[in-house]
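One structure is given below, encoded as structure tokens.
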Protein chains: 2
Amino acid sequence: MTGIQEIARATGLSKSTVSRALRGLPSVSETTTRSVQRTAERLGYIPSSSAAGLATGRTRAIGVLVPVIDRWFYVKVLEGIDAQLRAAGYDLILYNLGGRGGDRERVFHRSILRKRVDALVVLCLVFDPGEREQLQAMEYPVIVVGGPGPGVRHMGIDDRKAGFAATSHLIELGHTAIAHIGGEDESGLNAAVPLERREGFIAALAAARIEARDEWIVNGGFVFEGGYRAMKELLSKPGPRPTAVFAASDEMAFGALAAIAQEGLSVPGDISVIGVDGHQNGEVLGLTTIRQNPYQQGVDATRVLLAELEGRGHTESFEPAPFDLVRRRSTGAPRPLDPEDSLDRVR
Amino acid sequence: MTGIQEIARATGLSKSTVSRALRGLPSVSETTTRSVQRTAERLGYIPSSSAAGLATGRTRAIGVLVPVIDRWFYVKVLEGIDAQLRAAGYDLILYNLGGRGGDRERVFHRSILRKRVDALVVLCLVFDPGEREQLQAMEYPVIVVGGPGPGVRHMGIDDRKAGFAATSHLIELGHTAIAHIGGEDESGLNAAVPLERREGFIAALAAARIEARDEWIVNGGFVFEGGYRAMKELLSKPGPRPTAVFAASDEMAFGALAAIAQEGLSVPGDISVIGVDGHQNGEVLGLTTIRQNPYQQGVDATRVLLAELEGRGHTESFEPAPFDLVRRRSTGAPRPLDPEDSLDRVR
DNA sequence: GTGAAAGCGCTAACAC
DNA sequence: GTGTTAGCGCTTTCAC
């Protein structure tokens with residue numbers, strides 16, 4: 001009900017001065033500013049973001065486009081973005097594609113295009129050419145966190161290297177029978193991350209002259225339950241059993257650990273497990289992992305966008321985000337070979 | 001760049017007709033509507049939500065206020081809200097308090113109060129009187145999902161009954177040495193939920209004439225790691241060991257299971273565990289739980305708000321949301337007593 | 001340091 | 001079914 005106008009009337013000032021005072025512009029005398037603020041408070045003034053948005057062309061809101069919400073990585077990035085936005089006084093509009101086929105069309109055609117936001121952070125999505133065109137068309141800054149895609153700059157770890165590092169860790173421990181739980185991300189939304197981690201896996205094997213077995217590469221869909229099922233599948237296969245598993249995410253690794261425990265096997269005695277992410281629960285569970293910092297990635301991405309909105313600089317590409325190996329008790333050297341095998345060797 | 005005006009010019013129609021056509025109002029001829037839409041498409045027209053918002057007083061956005069993001073329950077409710085909002089063409093603005101002390105002030109004074117949203121869904125928060133006043137002041141509909149608080153209507157399960165049901169299940173199995181992992185929600189934001197579940201626990205014990213032991217009520221902060229630590233604490237205490245544990249959330253129950261496994265004890269042989277929530281991972285892990293449906297609660301809450309925004313009806317209070325007991329392998333009868341005890345009994 | 005006036009892009013009476 | 005006319009509540013030149 002109360003607008004800037006009423007405050008103007010009440011203070012005997014003009015609308016413009018009130019507006020300036022409310023925004024804390026330096027061109028207003030301190031006395032005036034204080035008086036305006038008091039009056040605003042007293043009258044219960046509530047600014048209208050629509051009006052301000054219309055006048056300035058800025059919404060002071062940033063959109064975040066996520067494939068699905070229910071995933072550790074996305075939540076952590078979201079937290080980082082949110083923290084940064086809060087500090088800057090921006091609001092966060094959440095666009096959830098909601099999994100496979102979760103009408104991207106709607107998001108691209110209706111929501112995002114409404115000039116609701118000043119910029120967009122996209123998590124782990126690869127765009128089709130039409131969508132890229134759309135993004136280009138609205139002129140605001142866009143940044144992808146999490147998986148590289150053609151035509152859009154992105155921020156995140158080098159997933160191929162991460163996969164390589166994880167696998168190399170297992171190899172260094174002496175493993176040669178190594179499986180991989182990866183997968184099409186079940187949300188079907190970004191092929192890049194799972195693919196690259198798998199490539200790293202295969203490259204590491206190749207570098208050690210270990211043959212990759214197709215039947216030891218299974219799909220865990222990047223979720224706990226998927227990791228569990230994938231591990232069960234690996235354990236139930238005829239023939240030799242892998243002595244180590246590289247899971248492309250910690251959540252899948254947790255599932256794998258659950259499956260292993262349920263089968264009465266021990267970790268790392270029977271099987272070593274390594275994940276990727278640095279999920280906090282890994283500490284308690286003793287999961288060795290390739291740790292990254294999605295929260296920080298969210299923070300950094302947001303910083304870049306905010307800087308651009310304020311007209312300071314523009315960055316076209318970024319250093320890969322850092323990751324490191326955290327050794328815990330889920331990985332160890334493989335069991336010494338069976339007696340007969342050993343004898344074979346000795347001969 | 002392109003506004004409704006340009007379309008008017010290009011089609012030779014008036015601004016108003018274009019506006020109507022764009023919104024698909026029935027008072028416009030089909031021919032006109034189609035022509036307008038084509039032209040809009042051709043010119044790459046992007047509507048301005050600020051302008052529409054200013055003119056109508058509606059933003060077509062709904063705010064969701066969460067204590068923290070990183071929690072299964074909140075994420076599920078969020079998913080439900082989001083699905084409903086998408087269907088209705090509304091955007092979702094996420095206000096994250098970000099844990100204890102996560103400047104509520106900012107949210108209340110700056111963001112929400114900017115008329116950014118038409119309505120507000122609040123997850124599990126209890127407001128202080130000042131905040132309630134604020135909420136009242138801005139006239140839009142508010143609904144709380146998850147924990148009852150004074151002065152605001154809410155939707156969710158009866159947490160006291162849930163706690164009672166969980167504990168009763170353990171008692172029915174024959175347990176009398178029952179511990180509780182609950183806690184101040186570490187985000188410090190809503191006392192109601194943990195308190196009520198604990199009350200239910202105590203009431204169930206009382207109903208069975210079992211004495212509640214203070215040292216068997218421990219704080220798990222509603223997170224996995226907290227559940228783990230709480231369980232460790234319980235196991236390390238001198239004196240008799242509980243034969244069953246009621247964890248106030250599944251995430252804490254998972255942590256408890258991890259701790260139990262790590263101590264070399266068996267479930268439910270040595271200790272039974274029951275949780276609350278119906279977390280999907282509980283299926284794989286075999287966790288008995290009091291299942292609720294936060295997704296649906298999100299959907300329902302949003303429906304109520306949208307209905308009110310469209311002027312159809314207003315509901316002041318709701319039936320408690322349903323829950324049910326899901327029996328899985330984490331609970332069972334306690335071990336028969338020790339021989340000597342049995343002898344004692346026999347005598 | 002402050003004010004007057006124009007206008008951001010749309011919607012909503014009200015006419016016709 | 002379509003056009004005309006006012007605003008919605010702010011910001012922003014441009015004056016003074």
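Only heavy atoms go into these numbers, but all of them, side chains included; no hydrogens, no water, no symmetry mates. Here is the naming used below: chain letters follow the sequence lines, and residue numbers restart at 1 for every chain.
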Angle between the two end axes of the helix from C/dG1-D/dC16 to C/dC16-D/dG1, five base pairs per end, rounded to 10 degrees?
20°

For A/Q297, which residues count as a side-chain hydrogen bond (donor to acceptor under 3.5 Å, both in side chains) partner, sequence neighbours excluded?
A/Q292

Taking the side chain of B/A51 as its heavy atoms from C-beta onward, which of D/dT11, C/dT11, C/dG9 lies nearest to it?
C/dG9

Count the heavy atoms of every other residue, nucleotide or ligand shown that sit under 6.0 Å from CD of B/E310, and state whether that count exceeds 12.
yes

Quick one: side-chain contact (heavy atoms from CB on, under 4.5 Å) partners of B/D70, sequence neighbours excluded?
A/V75, A/K76, A/E79, A/Q280

According to side-chain hydrogen bond (donor to acceptor under 3.5 Å, both in side chains), who are the partners of A/R153, at least two apart in sequence or on a separate chain?
A/E308

Enumerate the residue pairs fulfilling salt bridge (charged side-chain N to carboxylate O under 4.0 Å, His left out) with a member in residues 293-307 of chain B, sequence neighbours excluded, ordered by first and then second residue.
B/D300-B/R303

Between A/Q5 (CD) and D/dC8 (P), how many Å, whole number?
10 Å

Would you please name every residue forming a ring-ring contact (aromatic ring centres under 6.0 Å, His included) with A/F127, sequence neighbours left out?
A/F108

B/L54 CG to D/dC10 C1', straight-line distance once rounded to whole Å:
8 Å

Nearest to the side chain of A/T56, heavy atoms from C-beta on, is which of D/dT12, C/dA12, D/dG9?
D/dT12

Spacing of A/L43 atom CG relative to D/dG9 atom P, expressed in whole Å
15 Å

Just how far, in rounded Å, is P of C/dA12 from CG of B/L22?
14 Å

Check this one for me: any side-chain N or O of A/S19 less than 4.0 Å away from OP1 or OP2 of D/dT11?
yes

Could you list all N or O pairs between the protein and nucleotides 2-5 of chain C that sit under 3.5 Å apart?
residue: C/dT2; atom: OP1; partner: A/T32; partner atom: OG1; Å: 2.6
residue: C/dT2; atom: OP2; partner: A/S29; partner atom: N; Å: 3.1
residue: C/dT2; atom: OP2; partner: A/T32; partner atom: OG1; Å: 3.2
residue: C/dG3; atom: OP2; partner: A/S14; partner atom: N; Å: 2.8
residue: C/dG3; atom: OP2; partner: A/S14; partner atom: OG; Å: 3.0
residue: C/dG3; atom: OP2; partner: A/T17; partner atom: OG1; Å: 2.8
residue: C/dG3; atom: N7; partner: A/R20; partner atom: NH1; Å: 3.4
residue: C/dG3; atom: O6; partner: A/R20; partner atom: NH2; Å: 2.4
residue: C/dA4; atom: N7; partner: A/S16; partner atom: OG; Å: 3.4
residue: C/dA4; atom: N6; partner: A/S16; partner atom: OG; Å: 3.0

Apply side-chain contact (heavy atoms from CB on, under 4.5 Å) to B/T302 and list each qualifying residue two or more places apart in sequence or on a separate chain.
B/I81, B/Q84, B/L85, B/L306

How would you list, by chain and number, every residue that makes a side-chain hydrogen bond (donor to acceptor under 3.5 Å, both in side chains) with A/S14, sequence neighbours excluded?
A/S16, A/T17

Under 4.0 angstrom between A/R23 side-chain N/O and D/dT12 OP1 or OP2:
yes

With a 3.5 Å cut-off and no angle check, do the side chains of B/S29 and B/T32 form a donor-acceptor pair?
yes

Just the rounded figure in Å: distance from P of C/dG9 to CZ of A/R58.
14 Å

